[in-house]
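Counting begins at 1 with the first residue of the sequence.
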Amino acid sequence: MWYLIPLALLYILINVLIWHRAVRLIRGFLKGTAGTAICICFTLIYAFLMSSVLSWTLFSSPVIVHWLKMISNFWVGIFIYCLIFIISAEIVTFIIHFFRKHPKGSPEHVRFIRTRGVIVSVLIILFSFYGIVNCNNLRVTEYDVNVDKASTTGGDLKVVLIADTHIGYTVGEKNIRDMVELVNQQNPDLICFAGDIFDNDLDAMTDIEKIESDFSNMKSRYGTYACYGNHDIYEKLVGGFSLYQMNKYEVQKEASRFLEASNINMLEDRTVIIDGIQIVGRIDESKPNGGTKENKVHARKSISALTNDFDKSKLIIDIDHEPSQLDEKAAAGVDLDLCGHTHDGQIFPGNLTINLFWDNAYGLLDVGSMHSIVTSGIGVWGPAMRVGANPEIAVVNVHFTK
């Protein structure tokens, strides 16, 4: 845990910079007693928000912990945009001053500092507000794919892909209820849940019975099948990051009971065949349930081993949390690879850089005859915002051409 010390120091230093720039802007517009009073109020509020990422550890009350963690999730998003826009402003300032210098304290310099502060403040507020509101703006993204096989179900197949609900401090019963209503409106044949159902800690679910009921109300012809993700294991997080390295990755026992009560069939490196549809669900690659830090890769079977007994002339669906090993899946005969995990970057500029890390970070990608589909998911990781990446369910219309 030694790495937490430099991270904490860096976090404090960045917050001092943000606080200093904000106080200087307030002082630029307000002098005297009024300015002092507002600066004191701002400092107290800022100290509360800044410390919220850890202050929850001081309390045993579940209600207080829940609210502090929820506030810290909003704060982490605001903090990220404070950092992005303040650093951008400093770079722009350096470039402008390089070509046109204004003496410190001159009217031009004061006017420039005030204008810069107002622009940065407005951008932080606009991006943060939009991101928070957009978190709840759930929509449907539809894909049409052709599979060169014969249908075993009497026609086309409509699959709804769900991922990354992250039920916990940000996503609650209302979000799940809205999701279920939207799923049922699609009248799906099959529902596939590609991991990160929970947000690491089941204690964050304040309406667990209602959420179970909502999930069990999802309607489809063949039912709901799922795999676990890296956030389904029990883990203490600070702002979405691991507080310490776990030696063993384990899903809480209550999770299995919850899924059973919710009519969700969990497939951990297991297969099932329904009306000729062959489905395989994977153990998560990075944090496998029941695996360890030292034995992650061997904690799950190879896709070729799992599909070895499948009839390759019939549809094969793979449900995997992370969109990895695409070539291996295609070679093993998978027709439809359904994943989540990436959130499509979740917040700008992450949505622009996420493609650097995954062959398919979002959307539809054909790998040979296999269709890889990655959804941006429903919930959020850490920052309770979505900017440039929308919450969604994915509807996959499978057309059989043989």
Side-chain angles (χ1 to χ4, degrees), residues 10-26 28-29 38 41-43 45-53 68-96 112-139 141 164 166 168-171 175 199 237-241 342-357 361-363 375-392:
L10 180 62
Y11 177 70
I12 292 170
L13 288 173
I14 293 172
N15 275 286
V16 169
L17 171 66
I18 296 170
W19 171 84
H20 175 264
R21 291 294 186 267
V23 169
R24 186 172 69 173
L25 179 63
I26 294 170
F29 286 97
I38 291 177
C41 290
F42 172 80
T43 300
I45 294 171
Y46 192 91
F48 169 73
L49 293 173
M50 168 189 162
S51 62
S52 64
V53 296
L68 284 175
K69 281 200 170 186
M70 188 168 64
I71 290 169
S72 73
N73 285 348
F74 288 111
W75 164 246
V76 169
I78 297 169
F79 171 78
I80 288 172
Y81 279 122
C82 286
L83 182 60
I84 288 172
F85 288 120
I86 286 176
I87 289 177
S88 299
E90 294 293 338
I91 294 171
V92 171
T93 300
F94 176 80
I95 295 171
I96 291 174
F112 173 79
I113 293 299
R114 286 180 179 176
T115 304
R116 183 186 71 173
V118 170
I119 292 172
V120 167
S121 301
V122 169
L123 286 173
I124 292 169
I125 292 169
L126 288 178
F127 271 73
S128 300
F129 180 77
Y130 171 78
I132 292 169
V133 171
N134 194 45
C135 269
N136 299 309
N137 190 17
L138 187 62
R139 62 205 73 191
T141 302
D164 302 286
H166 287 268
Y169 298 105
T170 303
V171 176
N175 303 90
D199 201 26
L237 302 181
V238 173
F241 295 94
T342 67
H343 294 223
D344 190 23
Q346 188 170 313
I347 60 172
F348 174 87
N351 59 313
L352 303 180
T353 60
I354 192 68
N355 289 296
L356 300 174
F357 305 99
Y362 173 72
T375 177
S376 65
I378 290 167
V380 293
W381 154 85
M385 296 179 185
R386 275 186 176 267
V387 180
N390 300 315
E392 66 175 17

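Side-chain contact between Y81 and I347 is present, with at least one heavy-atom pair separated by less than 4.5 Å. Counting heavy atoms from C-beta outward, I18 and I86 have side chains that approach closer than 4.5 Å. In this structure, H166 and V380 have side chains that are not in contact, with every pair of non-hydrogen atoms separated by 4.5 Å or more. Under the 4.5 Å side-chain criterion, counting only non-hydrogen atoms from C-beta, F357 is not in contact with T342. In this structure, the side chains of F42 and I26 come closer than 4.5 Å at one or more pairs of heavy atoms. Considering only heavy atoms from C-beta on, I84 comes within 4.5 Å of P349 through its side chain. L83 has its side chain within reach of I87: a pair of non-hydrogen atoms, C-beta onward, lies under 4.5 Å apart.
Here CD1 of I14 is found 11.0 Å from SG of C82. Values are rounded to the nearest 0.5 Å. One finds the OG1 atom of T170 at 6.0 Å from the CZ atom of F74 (value rounded to the nearest 0.5 Å). If you take CD1 on I95 and CD on E90, they are separated by 12.0 Å, rounding to the nearest 0.5 Å. To the nearest 0.5 angstrom, R114 atom CZ is 14.5 Å from I119 atom CD1. Expressed to the nearest 0.5 Å, how far CD1 of I80 lies from CD1 of I124 amounts to 12.5 Å. Separating the CG atom in D199 from the CG atom in D164 is a distance of 10.0 Å, to the nearest 0.5 Å.
Looking at S72, its side chain does come within 3.5 Å of a backbone N or O of K69 through a donor-acceptor pair. Side-chain atoms of Q346 come within 3.5 Å of backbone atoms of M385 as a donor-acceptor pair (strictly under, hydrogens ignored). With hydrogens and angles ignored, the 3.5 Å screen pairs a side-chain donor or acceptor of S51 with a backbone N or O of F48. When atom types are taken as modelled, the side chain of R386 and the backbone of G379 share a donor-acceptor pair closer than 3.5 angstrom. S128 places no side-chain N or O within 3.5 Å of a backbone atom of I78 that could act as its donor or acceptor partner. Between the side chain of Y11 and the main chain of M50, a donor-acceptor pair closer than 3.5 Å is present.
Within 6.0 Å of atom CZ in F29, more than 12 heavy atoms from other residues, nucleotides or ligands are found, so the atom counts as buried in its surroundings.
For the residue pair Y46 and N15, a side-chain donor N or O sits within less than 3.5 Å of a side-chain acceptor on the partner. A side-chain donor from one of N134 and N390 sits under 3.5 Å from a side-chain acceptor of the other.
Scanning all heavy atoms of the two residues, the minimum distance from N137 to P391 falls at O-CG, 3.5 Å.
Annotation: side-chain hydrogen bond (donor to acceptor under 3.5 Å, both in side chains) contacts of D344 (sequence neighbours excluded): none.
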Original post:
Given the rule in the side-chain contact (heavy atoms from CB on, under 4.5 Å) test, do F112 and T93 qualify, once you have shown the distances and angles that lead to the verdict?
Top reply: CA-CA 9 Å; F112 173 79; T93 300; 3.7 Å; yes

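Aromatic ring pairs are classed by plane angle as parallel below 30°, tilted from 30° to 60° and perpendicular above 60°; the pair F348 and F127 is tilted.
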